[in-house]
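Structure first, then comments.
Only this structure's heavy atoms are used, side chains among them; waters, hydrogens and symmetry mates stay out. Lettering of chains follows the sequences in order, A, B, ..., and the numbering in each one begins at 1.
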Number of protein chains: 2
Amino acid sequence: MSKRNAILAAATRLFARNGFKETSTSELTKITGAAGGTIFHHFKNKEDLFLNVLKDVETTVTSAFRELTERHRAHPGMDQVEHAVISYLQLAANFEDQFLLLHRHYPYQVAETNADCRRSLESVYNCLLEIFEGCIRAGIKDGTIQTGSARSTAMIIFAMVDGITRLHTYNIYHAGSLYNDVIQSCRSLLAASASSGANERTGKEGTWPV
Amino acid sequence: MSKRNAILAAATRLFARNGFKETSTSELTKITGAAGGTIFHHFKNKEDLFLNVLKDVETTVTSAFRELTERHRAHPGMDQVEHAVISYLQLAANFEDQFLLLHRHYPYQVAETNADCRRSLESVYNCLLEIFEGCIRAGIKDGTIQTGSARSTAMIIFAMVDGITRLHTYNIYHAGSLYNDVIQSCRSLLAASASSGANERTGKEGTWPV
DNA sequence: TCCTCAACCGAATGATCGGTCGGTTTTTGG
DNA sequence: CCAAAAACCGACCGATCATTCGGTTGAGGA
């Protein structure tokens with residue numbers, strides 16, 4: 001493996017597990033065997049390294065999620081949602097560091113001032129939400145799902161599933177054993193007619209407000 | 001306000017908004033007007049300051065949530081849950097810094113090695129989950145709610161609501177406008193009979209596994 | 001009034017960090 | 001095979017950080 005890739009891999013793990021500020025370049029040199037100067041030969045500074053890590057996370061997560069879900073396009077909408085939820089939980093388990101990084105506060109803080117960072121995060125969440133939304137929309141069409149706004153419901157399903165993975169990550173309760181209940185809850189939520197429709201008009205807005 | 005309280009207040013805000021490592025003692029001295037030495041007169045080091053901040057967050061959040069929800073004990077269980085969800089969303093809005101801190105990765109990292117930190121976090125999550133669980137249990141008893149395990153369902157509701165507040169915090173979509181949909185989803189989820197029951201036996205386990 | 005003790009101050013310190021730079025090695029393409 | 005470019009090295013630097021310490025202030029009790 002090239003030093004560049006070794007640095008990227010180590011940075012991904014350390015940024016995710018220990019945080020950006022608490023990861024020193026000297027720690028990266030120890031793990032990768034690269035010299036201090038090599039890091040700054042490939043990346044202009046530490047923040048640039050972080051942005052490259054995030055870019056990798058973006059492509060890894062989005063392509064993996066797309067690949068896992070696209071095979072079920074022909075199934076009934078309700079089953080598609082269930083499969084998407086299971087896929088998301090699998091993904092979070094297989095790409096632990098990537099999801100840990102996305103669950104940290106730091107990327108969103110950087111996103112406030114850095115357009116590249118904001119774009120990477122937008123890309124991830126747009127991908128995830130679009131897929132959930134697509135499954136729900138299919139379910140509405142084929143009659144397996146009754147709900148007001150597909151977009152709003154996708155947000156809620158996503159918040160639920162992502163919330164569970166967070167609880168699992170932080171060792172709060174044995175959240176990993178809740179997966180069956182999560183899926184059952186999704187089905188209940190989608191089968192019942194949510195009549196509020198308070199946000200149907202916003203269903204077509206972009207994912208990020210400003 | 002005593003210097004000690006001023007330091008605690010400023011540290012709460014800065015640890016929440018900027019993070020622990022990225023908050024320097026010199027920044028605290030500038031904001032509070034206290035000298036560098038004064039910080040270490042009241043707290044033996046920076047981590048001790050953090051633990052005191054977290055302890056404050058614990059009492060603030062738990063007592064506020066208890067107070068908000070205890071008035072509705074006599075209502076039907078389903079209405080209790082709705083009110084608890086609304087209360088949680090209000091709380092997250094009123095105590096922005098406290099929730100921001102609880103949504104950071106750092107406290108959970110410290111909790112792995114520090115028993116006081118772990119206790120504070122346990123206390124917060126036990127309080128929140130117990131209240132949600134109590135509402136659901138009341139609903140099961142009075143027939144307004146059908147669900148398998150009250151504990152598991154409480155976890156899922158909590159994950160959903162907390163997930164939405166996180167999306168809101170990080171400016172992902174206009175999550176704040178989803179509150180009505182969230183409540184409607186909770187009702188759908190609780191009204192339908194979730195027959196899985198896969199985790200009913202774990203309903204009495206402690207909140208934290210190990 | 002004086003003693004005591006806690007609150008408070010701010011300069012000093014040693015360690016660490018991100019980043020630079022001049023040089024060496026390796027790779028590559030003609 | 002050779003030259004040019006890219007990868008890589010590690011000593012070095014200024015800045016910043018958490019923490020220490022000797023001294024000052026101020027309130028309260030005897």
Side-chain angles (χ1 to χ4, degrees), chain A residues 1-57 101 104-107 109-114 116-117, chain B residues 1-57 101 104-107 109-114 116-117:
Chain A
M1 182 160 41
S2 70
K3 293 285 180 189
R4 187 179 192 276
N5 285 342
I7 293 165
L8 268 175
T12 303
R13 205 174 77 226
L14 292 179
F15 288 166
R17 299 187 186 184
N18 303 334
F20 176 80
K21 193 80 181 255
E22 29 276 286
T23 299
S24 64
T25 52
S26 69
E27 206 176 348
L28 287 171
T29 63
K30 275 172 207 153
I31 289 180
T32 61
T38 305
I39 295 173
F40 296 98
H41 168 71
H42 290 294
F43 309 96
K44 73 166 189 259
N45 53 35
K46 224 179 117 183
E47 182 168 313
D48 183 47
L49 170 58
F50 172 78
L51 293 175
N52 276 274
V53 165
L54 194 65
K55 192 79 191 159
D56 272 10
V57 169
L101 196 68
R104 280 192 168 272
H105 192 97
Y106 184 75
Q109 209 163 327
V110 175
E112 287 172 14
T113 57
N114 184 297
D116 286 332
C117 181
Chain B
M1 181 159 41
S2 70
K3 293 283 181 190
R4 187 179 192 279
N5 286 342
I7 293 166
L8 268 174
T12 303
R13 205 174 78 228
L14 293 179
F15 288 166
R17 299 187 186 184
N18 302 335
F20 176 80
K21 195 76 181 259
E22 29 277 284
T23 298
S24 64
T25 52
S26 69
E27 205 175 349
L28 286 171
T29 64
K30 275 172 206 153
I31 289 181
T32 60
T38 304
I39 296 173
F40 295 95
H41 169 72
H42 290 293
F43 310 96
K44 73 167 187 257
N45 53 34
K46 226 180 115 183
E47 182 168 314
D48 183 48
L49 170 58
F50 172 78
L51 293 175
N52 277 273
V53 165
L54 195 64
K55 191 81 193 158
D56 273 10
V57 168
L101 197 68
R104 280 192 168 273
H105 192 97
Y106 184 75
Q109 210 164 327
V110 175
E112 287 172 14
T113 57
N114 184 296
D116 286 332
C117 181

Show your working on side chain to side chain contact (heavy atoms under 4.5 Å, CB included) between A/Phe20 and A/Leu101 and close with a plain yes or no. CA-CA 10 Å; A/Phe20 176 80; A/Leu101 196 68; over 6 Å; no

Starting from the C-alpha separation in whole Å, work towards a yes-or-no answer on side chain to side chain contact (heavy atoms under 4.5 Å, CB included) for A/Lys55 and A/Asp116. CA-CA 9 Å; A/Lys55 192 79 191 159; A/Asp116 286 332; over 6 Å; no

From CA spacing to verdict: side chain to side chain contact (heavy atoms under 4.5 Å, CB included), A/Phe43, A/Leu51: CA-CA 10 Å; A/Phe43 309 96; A/Leu51 293 175; over 6 Å; no

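Proximity of a side-chain donor or acceptor of A/Arg104 to a complementary backbone N or O of A/Phe15 within less than 3.5 Å is detected. Of the possible donor and acceptor atoms, one in the side chain of B/Asp48 sits under 3.5 Å from a partner among the backbone N and O of B/Lys44. Looking at B/Thr38, its side chain never comes within 3.5 Å of a backbone N or O of B/Ala34 through a donor-acceptor pair. The backbone N or O of B/Thr23 lies less than 3.5 Å from a partner atom in the side chain of B/Lys46, making a donor-acceptor pair.
Here the P atom of nucleotide C/dG19 and the CZ atom of A/Phe43 are 13 Å apart, to the nearest Å. Whole-Å rounding puts the B/Lys44 NZ to D/dT19 C1' distance at 14 Å. Atoms NZ (A/Lys30) and P (D/dC9) sit 16 Å apart, rounded to a whole Å. The distance from atom CD1 of B/Ile39 to atom C1' of D/dC17 is 12 Å, rounded to the nearest whole Å. Rounded to a whole Å, the CZ atom of A/Phe40 is 12 Å from the P atom of C/dC17. Spacing between atom CG of A/Leu14 and atom P of C/dG18 amounts to 12 Å, rounded to whole angstrom units.
Residue A/His41 has no polar side-chain atom (N or O) positioned under 4.0 Å from OP1 or OP2 of D/dC8. Put simply, B/Lys3 has no side-chain N or O that comes within less than 4.0 Å of OP1 or OP2 on C/dC8. Checking the phosphate oxygens (OP1, OP2) of C/dA6, no side-chain nitrogen or oxygen of B/His42 falls inside 4.0 Å.
Residues of residues 48-57 of chain B having a heavy atom closer than 4.0 Å to DNA chain C: none are found. Taking a 4.0 Å limit (strictly below) on heavy-atom distances, residues 19-29 of chain A reaches DNA chain C at A/Thr23, A/Ser24, A/Thr25, A/Ser26.
In this structure, the helix from C/dT1-D/dA30 to C/dG30-D/dC1 shows an angle of 10° between the axis at its start and the axis at its end, each fitted on 5 base pairs and rounded to 10°.
Counting heavy atoms from C-beta on, the side chains of B/His42 and B/Leu8 never come closer than 4.5 Å. Looking at heavy atoms from C-beta onward, A/Leu54 lies out of side-chain contact with A/Val110 at the 4.5 angstrom threshold.
Remark: B/Lys21 fails to qualify as a cation-pi partner of B/Tyr106 under the 6.0 Å distance and 45° angle criteria applied to the six-membered ring.
The side chain of B/Thr38 approaches C/dC8 more closely than any other nucleotide in the set C/dC8, D/dC9, C/dG10.
For A/Ala111 against A/Cys117, the heavy-atom pair with the smallest separation is N-SG, 3.7 Å.
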